[in-house]
Amino acid sequence: MPFLPITKKEMLDLGWDRPDFVLVTGDAYVDHPSFGTAIISRVLESKGYRVCILSQPRSDSDYLRFGTPELGFLVNGGNIDSMVAHYTAAKKPRSEDAYTAGGKAGARPDRATIVYSRNIRRLFGEVFIAIGGLEASLRRFAHYDYWDDKVRPSILIDSGADLLMYGMGEKHIVEIADRLRMGEGSKTLTDIRGTCYAVKTHDYTPGPVKECPSFDAVSDLSDKGKRNYAKSCRIQQQEHDAVRGSVVIQRHGDRIVIQNPPMPPLSMDEMDSVYALPFMRTYHPSYEALGGVPGIEEVKFSIIHNRGCYGACNFCSLAYHQGRQISCRSHESVIEEAKTITDMPDFKGYIHDVGGPTANFRSTSCDVQLKRGLCPDKKCLAPTVCPAVNVDHSDYLSLLRKLRKLPKVKKVFIRSGIRFDYLIADKDETFFKELVEHHVSGQLKVAPEHCSENVLKYMGKPPVTVYNRFKKRFYELTESIGKKQYLVPYLMSSHPGSTLNDAIELAKFLKKEGLHPEQVQDFYPTPGTVSTCMFYTGLDPYTMEEVYVPRTPREKAEQRALLQYYKPENHRIVHDALRRAGRHDLIGTGKNCLVTPLTPDKQAKQSVRKTSGRVSGNKRNPQNNRKPKKRR
């Protein structure tokens with residue numbers, strides 16, 4: 001099946017005078033099921049709708065390319081939040097963008113969903129506009145914006161769109177499209193699950209709802225404002241459940257944002273139908289001269305077999321977007337996709353991944369979940385695995401065995417996240433053994449994230465003792481089959497709750513384990529997560545207790561450097577951090593020491609830097625030299 005039209009000529013060649021929908025996206029056009037734009041456009045096509053793709057528009061002529069669509073515009077910022085695509089956790093501009101042709105940053109604007117929607121409204125007047133994708137989904141209520149360092153209103157208000165779709169949008173978009181085609185206007189599309197809309201306060205009809213503190217209340221900079229923000233976060237997280245979730249509202253001045261309960265996740269048959277659509281599985285050929293779209297390389301020979309994650313780590317937005325309930329594809333559906341992959345001309349025999357948000361989930365967390373929803377105040381896996389959780393890898397193992405037997409397949413790897421706490425809770429080690437023997441490409445990436453029990457509590461992760469049990473057994477199984485394979489742990493610095501002493505404990509843990517991480521992830525306060533709420537408010541939204549938050553550039557740099565204490569360029573900052581923490585025992589030449597003492601030469605250089613005022617300054621970006629604002 002050809003790509004959908006991206007030019008007016010391609011549209012006219014299909015015999016269309018205009019499309020039903022123009023789908024505007026912040027990404028380059030990649031027709032692959034790992035890209036939301038591809039899924040939504042192909043779902044609409046399968047229902048008989050005419051869809052044109054408008055990728056990364058910049059000028060008015062771009063927006064006007066297809067004329068006024070019959071039913072409306074659909075807008076997303078891309079596969080990831082446009083601000084995350086543009087800036088690092090240190091707010092430094094990125095030079096690369098994996099979702100843009102040629103891999104160069106700058107093809108999409110900051111806050112792309114807002115920019116695109118406002119331009120459409122300016123050019124097309126009262127045309128119907130619906131926003132969706134990750135950027136819209138996570139910003140559906142008033143939210144702390146790390147880049148502005150303030151609370152911004154719902155993106156529905158900011159963008160001027162008529163409707164916001166949150167979560168995975170296949171069901172939403174079909175209902176919206178069908179009702180628009182039947183002649184309904186945007187003002188009557190107010191009862192669709194998985195959507196948000198806004199009304200004037202005087203037009204609002206009160207009903208049974210959960211009300212978040214208003215935008216004015218949560219954006220106030222006082223301690224009361226922070227507490228209101230934390231309360232709002234808790235309500236939003238608790239009601240994000242397709243079984244028991246309520247209507248949630250939040251007042252924004254003279255308007256009210258109304259969120260309908262989440263759309264139920266796709267059934268297995270529905271999910272199979274989506275992944276059976278005729279995707280081209282690559283980027284549009286017009287990008288070839290620019291070097292293609294780098295983002296395809298990570299997923300080209302990978303298969304998604306599930307959605308949702310009941311692990312629900314506090315720093316991760318997946319549960320707030322996809323939900324905590326697991327949806328899965330059938331074995332037959334996954335195998336058909338694998339066969340398609342094996343017929344690709346550049347397939348070398350290796351399926352890179354069979355996964356999803358969490359690779360080793362193939363069923364709901366427990367039987368009660370389907371009737372009553374997930375527990376609003378408890379996690380399924382942290383701090384320990386709930387006794388009600390169905391720990392069973394047999395279905396996933398059966399699927400992997402079938403894939404291994406396919407002609408042309410040499411290896412089937414698992415590279416997306418494995419929940420090691422769930423794995424180690426399985427009394428049947430068959431999957432663990434076959435994982436080690438068949439599905440590790442030399443290194444297995446896992447995410448203990450930290451070693452401090454206090455930090456892990458705020459992350460919503462299990463204690464490090466669980467990781468240690470998993471690690472011990474992994475290496476025992478690896479040795480038993482005569483292989484050399486390694487665990488690569490993901491680690492995070494500066495998460496809320498992490499003090500300098502916690503960072504030092506993590507450095508000691510790394511030294512003891514003989515680990516030298518080449519890359520370290522500094523906590524990134526992205527919209528829609530519990531951890532971001534903690535970062536902004538200094539409160540745990542579930543207990544309303546105060547949480548320590550490392551905020552200053554100096555402290556964040558110290559915590560990050562401690563994770564790479566062994567690097568020469570980090571010697572001085574680690575040395576000073578240890579002195580500041582009173583950990584002189586870790587400075588020296590002993591086997592447990594992290595760094596050696598500073599030499600007289602280095603001390604002299606440090607003295608010069610302090611005298612010239614360049615120790616904590618930032619010559620390239622003076623705005624980072626501002627003193628941090630005092631917390632009120």
**Request:** Start with the C-alpha distance between Thr100 and Arg108, add both sets of side-chain angles, then the distance that settles side-chain contact (heavy atoms from CB on, under 4.5 Å), and finish with yes or no.
**Result:** CA-CA 9 Å; Thr100 292; Arg108 79 184 90 205; 4.2 Å; yes

**Request:** Walk me through it: do Phe301 and His352 pass the test ring-ring contact (aromatic ring centres under 6.0 Å, His included)?
**Result:** CA-CA 6 Å; Phe301 304 119; His352 292 169; 5.5 Å; yes

**Request:** Verify side-chain contact (heavy atoms from CB on, under 4.5 Å) between Thr113 and Ile155, making sure each step is shown before the conclusion.
**Result:** CA-CA 8 Å; Thr113 301; Ile155 195 171; 3.9 Å; yes

**Item:** Derivation and outcome, side-chain contact (heavy atoms from CB on, under 4.5 Å), residues Glu135 and Ile80
**Value:** CA-CA 7 Å; Glu135 184 165 87; Ile80 61 176; over 6 Å; no

**Request:** Please step through side-chain contact (heavy atoms from CB on, under 4.5 Å) for the pair Leu444 and Val488, ending with a clear verdict.
**Result:** CA-CA 6 Å; Leu444 180 65; Val488 178; over 6 Å; no

**Message:** As a quick check of understanding, evaluate ring-ring contact (aromatic ring centres under 6.0 Å, His included) for His305 and Tyr396, giving each step before the final call.
**Reply:** CA-CA 9 Å; His305 76 91; Tyr396 188 36; 4.8 Å; yes

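The environment of Arg372 atom CZ is sparse: at most 12 non-hydrogen atoms of other residues, nucleotides or ligands sit within 6.0 angstrom. More than 12 non-hydrogen atoms from other residues, nucleotides or ligands lie less than 6.0 angstrom from CD of Gln564.
Without hydrogens or angle criteria, Asn79 side chain to Ser34 main chain gives a donor-acceptor distance under 3.5 Å. Between the side chain of Asp502 and the backbone N or O of Thr499, at least one donor-acceptor pair lies under 3.5 Å. Checking side-chain atoms of Ser41 against main-chain N and O of Ala38 turns up a donor-acceptor pair under 3.5 Å.
Taking the six-membered ring for Trp, Tyr283 and His32 have ring centres at least 6.0 Å apart.
Arg94 forms no cation-pi arrangement with Tyr87, by the criterion of a distance under 6.0 Å to the ring centre and an angle within 45° of the ring axis. Taking the centre and axis of the six-membered ring of Tyr146, the NZ or CZ atom of Lys91 falls inside the cone set by 45° and 6.0 Å.
The pair Glu429-Arg473 meets the salt-bridge criterion, with a side-chain N (NZ, NE, NH1 or NH2) lying under 4.0 Å from an Asp/Glu carboxylate O. Salt-bridge formation is not detected for the pair Glu437/Arg404: no Lys NZ or Arg NE/NH1/NH2 atom is positioned less than 4.0 Å from an Asp or Glu carboxylate oxygen. Between Glu505 and Lys512 there is no salt bridge, since no side-chain nitrogen of the basic residue lies less than 4.0 Å from a carboxylate oxygen of the acidic one. Comment: Arg401 engages Glu434 in a salt bridge, judged by a side-chain N to carboxylate O separation of less than 4.0 angstrom. With respect to the salt-bridge test (charged N to carboxylate O, under 4.0 angstrom), the residues Arg281 and Glu337 qualify. At a threshold of 4.0 Å, the pair Asp392-Arg362 does not count as salt-bridged, since none of the basic side-chain nitrogens sits closer than that to a carboxylate oxygen. Checked for salt-bridge contact, Lys472 and Glu476 meet the test: a charged N lies under 4.0 Å from a carboxylate O. Salt bridge annotation for Lys461-Asp421: absent, with no cationic side-chain nitrogen under 4.0 angstrom from a carboxylate oxygen. Here Lys171 pairs with Glu270 in a salt bridge; the nearest charged N to carboxylate O distance falls below 4.0 Å.
Classification of the His172-Tyr166 ring pair by plane angle, with boundaries at 30° and 60°, yields perpendicular. Classified by interplanar angle (parallel below 30°, tilted 30° to 60°, perpendicular above 60°), the ring pair Tyr467/Phe420 is perpendicular. Taking the six-membered ring for Trp and thresholds of 30 and 60 degrees, Phe315 and His495 have ring planes more than 60 degrees apart, a perpendicular arrangement.
If you check the side chains of Asp522 and Ser494, you find a donor sitting under 3.5 Å from an acceptor. Counted by atom type alone, Lys379 and Asn314 present one or more donor-acceptor pairs between their side chains at under 3.5 Å.
A side-chain hydrogen bond (donor to acceptor under 3.5 Å, both in side chains) with His393 holds for exactly one of Thr430, Asp426, Asp428; it is Asp426.
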